[in-house]
Engineer: 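If you scroll down you'll find the structure; I have some questions about it.
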Amino acid sequence: MVKVRWTEALAVLVGLGVLVACGTRAGTSPPDSIGHVLDGSFVVTAATADGQPRPFVRGTQMQISFAGPQVTVTAGCNTMSGSYGLSGTRLIVKSLSSTEIGCPQPQMTQDAWIAGLFSRPVQYLTGKDAAIISGSVVLALAPRSAVAPDRPLRGTTWVLDTLVDGTVATSVPSDAAGSLVISGGRARISDGCNTGNASVAIDGARLRFTNVVLTVRPCPSASSTAVGAVRAVLDGTDEFVISGGTLRITHGQHGLGFAAAAAG
């Protein structure tokens with residue numbers, strides 16, 4: 001498992017010189033007012049640098065979401081978000097912070113590269129040729145609803161990949177990953193070691209797990225943290241959010257992050 005605190009993750013990106021506190025170029029002031037507030041989520045369907053394709057790390061996908069005055073960027077590892085200003089096609093990210101999940105180095109390097117794209121004003125184009133242009137880098141955009149629609153809560157095999165405890169997020173090793181499958185009013189649960197089931201009721205953005213029954217067997221130390229976290233969250237009333245192929249379930253200060261398993 002890789003566990004990184006917020007301050008440590010922030011220091012890494014600052015050390016790379018790509019996490020910008022104010023998000024503006026020296027001598028450039030953000031617009032006093034936003035011409036209009038953007039809304040919607042987009043998937044980067046292609047990236048080029050100096051006219052040459054720049055592939056993303058295998059298995060990752062970059063998404064950019066606007067909601068009110070906030071922009072959120074993800075690319076398979078951490079979530080970066082901040083406020084922004086828009087003047088015509090000129091988009092200025094005023095602040096950009098990151099969550100604290102430790103990921104394999106290729107994903108961390110990719111996060112740093114993406115954060116660097118917004119260290120200065122970028123051009124935001126809409127319409128048929130929607131794109132974000134940062135220097136020589138062009139990110140082609142498509143609506144997420146068309147490219148990566150939300151997976152259904154029921155019937156999807158959700159694979160555990162992240163544990164959240166307060167302000168600390170921990171990645172789950174693939175050999176200790178649990179899973180969750182909801183079908184009708186029942187849930188099949190695995191914490192990476194033990195398996196079982198529960199009754200589940202869905203009410204809007206809330207889940208209520210009752211009658212949780214899991215096997216009790218000795219577990220290797222590598223999966224012990226996940227075992228406790230799964231039992232703590234998947235019992236009682238939780239809140240959930242689905243975004244494309246990811247599911248986040250939270251119970252107070254604790255949470256579980258899942259990725260949808262590939263179909264088939």
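None of the values given here were measured: they were computed from a predicted structure.
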Engineer: Among residues at least two apart in sequence or on other chains, which ones pass side chain to side chain donor-acceptor pair (under 3.5 Å) with T157?
Structural biologist: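 Side chain to side chain donor-acceptor pair (under 3.5 Å) list for T157, sorted by chain: empty.
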Engineer: So do V164 and H254 actually touch side chain to side chain, heavy atoms under 4.5 Å?
Structural biologist: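 No; the side chains remain at least 4.5 Å from each other.
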Engineer: Is any side-chain heavy atom of I132 closer than 4.5 Å to one of I64?
Structural biologist: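 Yes, close enough: below the 4.5 Å cut-off.
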Engineer: So do the side chains of Q123 and S134 get within less than 4.5 Å of each other, counting heavy atoms only?
Structural biologist: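 In short, these two side chains do not touch, never coming nearer than 4.5 Å.
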Engineer: Can you confirm whether D111 sits close enough to M80 that some side-chain heavy atom of one is under 4.5 Å from a side-chain heavy atom of the other?
Structural biologist: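 Side chain of D111 against side chain of M80, heavy atoms only: contact under 4.5 Å found.
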Engineer: Below 4.5 Å, heavy atoms only, C-beta onward: do W158 and R151 meet side chain to side chain?
Structural biologist: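 A side-chain contact exists here, since the closest heavy-atom pair is under 4.5 Å.
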Engineer: Compare all side-chain heavy atoms of N194 with those of C219 and state whether any distance is below 4.5 angstrom.
Structural biologist: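 Touching, per the 4.5 Å side-chain cut-off.
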Engineer: Not counting sequence neighbours, which residues clear side chain to side chain contact (heavy atoms under 4.5 Å, CB included) with T195? List them please.
Structural biologist: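 Scan of T195 (side chain to side chain contact (heavy atoms under 4.5 Å, CB included), adjacent residues dropped) gives S190, T215.
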Engineer: Which residues pass the side chain to side chain donor-acceptor pair (under 3.5 Å) test with S65, sequence neighbours left out?
Structural biologist: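 Partners of S65 under the side chain to side chain donor-acceptor pair (under 3.5 Å) test: S41.
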Engineer: Not counting sequence neighbours, list each pair that qualifies as a side-chain hydrogen bond (donor to acceptor under 3.5 Å, both in side chains) and has a residue in residues 50-63.
Structural biologist: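 Passing the test, one end in residues 50-63: D50-S136, T60-Q110, Q61-Q63.
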Engineer: So do L234 and V212 actually touch side chain to side chain, heavy atoms under 4.5 Å?
Structural biologist: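 The answer is no; the side chains never approach within 4.5 Å.
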Engineer: Measuring centre to centre across the rings, with the benzene-like ring taken for any Trp, is F66 within less than 6.0 Å of Y84?
Structural biologist: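 So the answer is yes for these two rings.
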Engineer: Could you list who else is in V138's hydrophobic cluster, with ILVMFWY side chains joined at under 4.5 Å, directly or through other members?
Structural biologist: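 Traced through the cluster, V138 reaches L125, I133.
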Engineer: Which pairs pass salt bridge (charged side-chain N to carboxylate O under 4.0 Å, His left out) with one or both residues in residues 234-247, sequence neighbours excluded?
Structural biologist: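 Non-adjacent pairs meeting salt bridge (charged side-chain N to carboxylate O under 4.0 Å, His left out): R206-E239.
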